[in-house]
Amino acid sequence: MTKVHPNASSGGGEATALTVWRKSLLFHGDGFTVFDAKGNLVFRVDNYASGRKGEIVLMEADGKPLLTIRRKKLSLGDHWLIYQGEEMANPRFAVKKHVNLISSRSVVHVTPCSSRAKSCLAYEVEGSYSRRCCAVYDDGRRQLAQIKRKEPVGGVAFGADVFRLIVEPGFDATLAMAIVILLDQMFGSRG
């Protein structure tokens, strides 16, 4: 079997290259398995479709909850909240699908929820998740993370279920992965 994890090194001041596999390793069903450049399991989401409806838990390799993503109740459109660990109060970020009334490349807006945070946009996602070609930008238009197709290895091409997540230094890889999960919920064929 061909390795799905990256074979490029990452570290120091370089971007972190992760390989995302849209598959749960532990349960038959939907989920994510994320590897680092050395092939180590970094994150996982197991069987998000069968748990509590509208709730997804992003975990470390050993199963420790990092972030819980919950669909916002009584909201119009796709609106989700990201919580630390398994908290039920005080969300860290709100993520909303951008309704494109005027020509715009933006597909998702991510805003901080803390009272100290600015009321403006924190991050914006542009591009096409279904084509695995999109990026996360901050309010200064700096690219912080990128989703792109995985390059073929040894003549074996990967489908849409295996792709790369490139996270720039200083941006939280956990938040980047939470954004990937939400893009899958909003724009994926299973979502």
Side-chain angles (χ1 to χ4, degrees), residues 4-5 16 18-36 40-99 106-114 122-125 127-132 134-136 144-148 150 159-167 171-191:
V4 297
H5 58 81
T16 302
L18 301 172
T19 294
V20 180
W21 189 10
R22 255 176 90 202
K23 178 179 175 64
S24 170
L25 288 181
L26 298 180
F27 299 102
H28 179 67
D30 296 334
F32 288 92
T33 305
V34 183
F35 300 97
D36 67 11
N40 300 314
L41 183 62
V42 179
F43 303 123
R44 68 180 220 227
V45 174
D46 297 320
N47 213 21
Y48 63 79
S50 70
R52 286 190 236 167
K53 190 119 175 118
E55 182 174 295
I56 303 163
V57 179
L58 175 62
M59 298 175 280
E60 288 181 340
D62 65 1
K64 178 185 172 200
L66 296 169
L67 298 174
T68 299
I69 304 165
R70 293 185 181 95
R71 184 181 292 275
K72 188 172 181 184
K73 295 177 181 170
L74 303 174
S75 69
L76 297 174
D78 262 334
H79 196 164
W80 297 76
L81 298 171
I82 300 174
Y83 297 84
Q84 188 68 41
E86 291 183 289
E87 283 186 23
M88 296 290 286
N90 305 319
R92 289 183 55 205
F93 292 95
V95 181
K96 190 168 186 175
K97 186 175 187 178
H98 179 69
V99 179
S106 178
V107 293
V108 171
H109 292 163
V110 182
T111 53
C113 293
S114 74
Y123 308 112
E124 188 172 49
V125 180
S128 171
Y129 176 76
S130 62
R131 287 186 270 164
R132 305 301 185 261
C134 53
V136 178
L144 303 173
Q146 180 181 19
I147 298 167
K148 61 186 199 173
K150 175 114 172 91
D161 284 347
V162 178
F163 54 95
R164 297 191 71 192
L165 173 61
I166 311 299
V167 183
F171 190 60
D172 182 6
T174 307
L175 177 58
M177 189 58 211
I179 292 170
V180 168
I181 293 166
L182 287 169
L183 288 169
D184 194 68
Q185 288 294 301
M186 294 175 190
F187 303 102
S189 59
R190 301 177 200 172

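No option in Ile82, Leu67, Val34 other than Leu67 meets the side chain to side chain contact (heavy atoms under 4.5 Å, CB included) test with Leu58.
Other residues, nucleotides and ligands contribute only 12 or fewer heavy atoms inside 6.0 Å of the CG atom of Asn90.
No side-chain heavy atom of Leu165 sits under 4.5 Å from any side-chain heavy atom of Arg132. Considering only heavy atoms from C-beta on, Thr33 stays 4.5 Å or farther from Arg22 through its side chain. Met177 is listed as a side-chain neighbour of Phe32, based on a closest heavy-atom distance under 4.5 Å. Residues Val136 and Ile179 have side chains in contact (heavy-atom distance under 4.5 Å, counting atoms from C-beta outward). Put simply, the side chain of Tyr83 does not reach to within 4.5 Å of the side chain of Met88, judged on heavy atoms. Looking at heavy atoms from C-beta onward, Leu183 lies in side-chain contact with Val125 at the 4.5 angstrom threshold.
For the atom pair Thr68 OG1 and Ile56 CD1, the distance stands at 10.0 Å (nearest 0.5 Å). Thr111 OG1 to Glu124 CD: the interatomic distance, rounded to the nearest 0.5 Å, is 12.0 Å. Taking OH from Tyr123 and CZ from Phe93, the interatomic distance works out to 5.0 Å, rounded to the nearest 0.5 Å. Interatomic distance, Lys96 NZ to Met186 CE, rounded to the nearest 0.5 Å: 10.0 Å. Distance check: Met59 CE to Leu66 CG gives 9.0 Å after rounding to the nearest 0.5 Å. To the nearest 0.5 Å, atom CD1 of residue Ile166 and atom CZ of residue Phe171 are 13.5 Å apart.
For Ser128, the side chain to side chain donor-acceptor pair (under 3.5 Å) test picks out Ser130, Arg131, with sequence neighbours left out.
When all heavy atoms of Cys113 and Pro91 are compared, the closest pair comes out as CB-O, 3.1 Å. The shortest heavy-atom contact between Leu81 and Ala94 is CD2-CB, 3.8 Å. For the residue pair Lys148 and Phe163, the shortest heavy atom distance occurs at O-CB, 3.4 Å.
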Can you check side-chain contact (heavy atoms from CB on, under 4.5 Å) on Val45 and Val57, steps first, answer last? CA-CA 6 Å; Val45 174; Val57 179; over 6 Å; no
Working note: Glu60 + Phe43, criterion side-chain contact (heavy atoms from CB on, under 4.5 Å); need CA distance, chi angles, decisive distance, verdict. CA-CA 5 Å; Glu60 288 181 340; Phe43 303 123; 5.7 Å; no
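Panel note: side chain Arg44, backbone Ala61; a donor-acceptor pair is recorded below 3.5 Å. Using a distance-only test at 3.5 Å, with no hydrogens or angles considered, no donor-acceptor pair links the side chain of Thr19 to the main chain of Phe35. For Asp184 (side chain) and Gly188 (main-chain N/O), no donor-acceptor pair under 3.5 Å exists by modelled atom type.
Checked for salt-bridge contact, Lys64 and Asp62 miss the test: no charged N lies under 4.0 Å from a carboxylate O.
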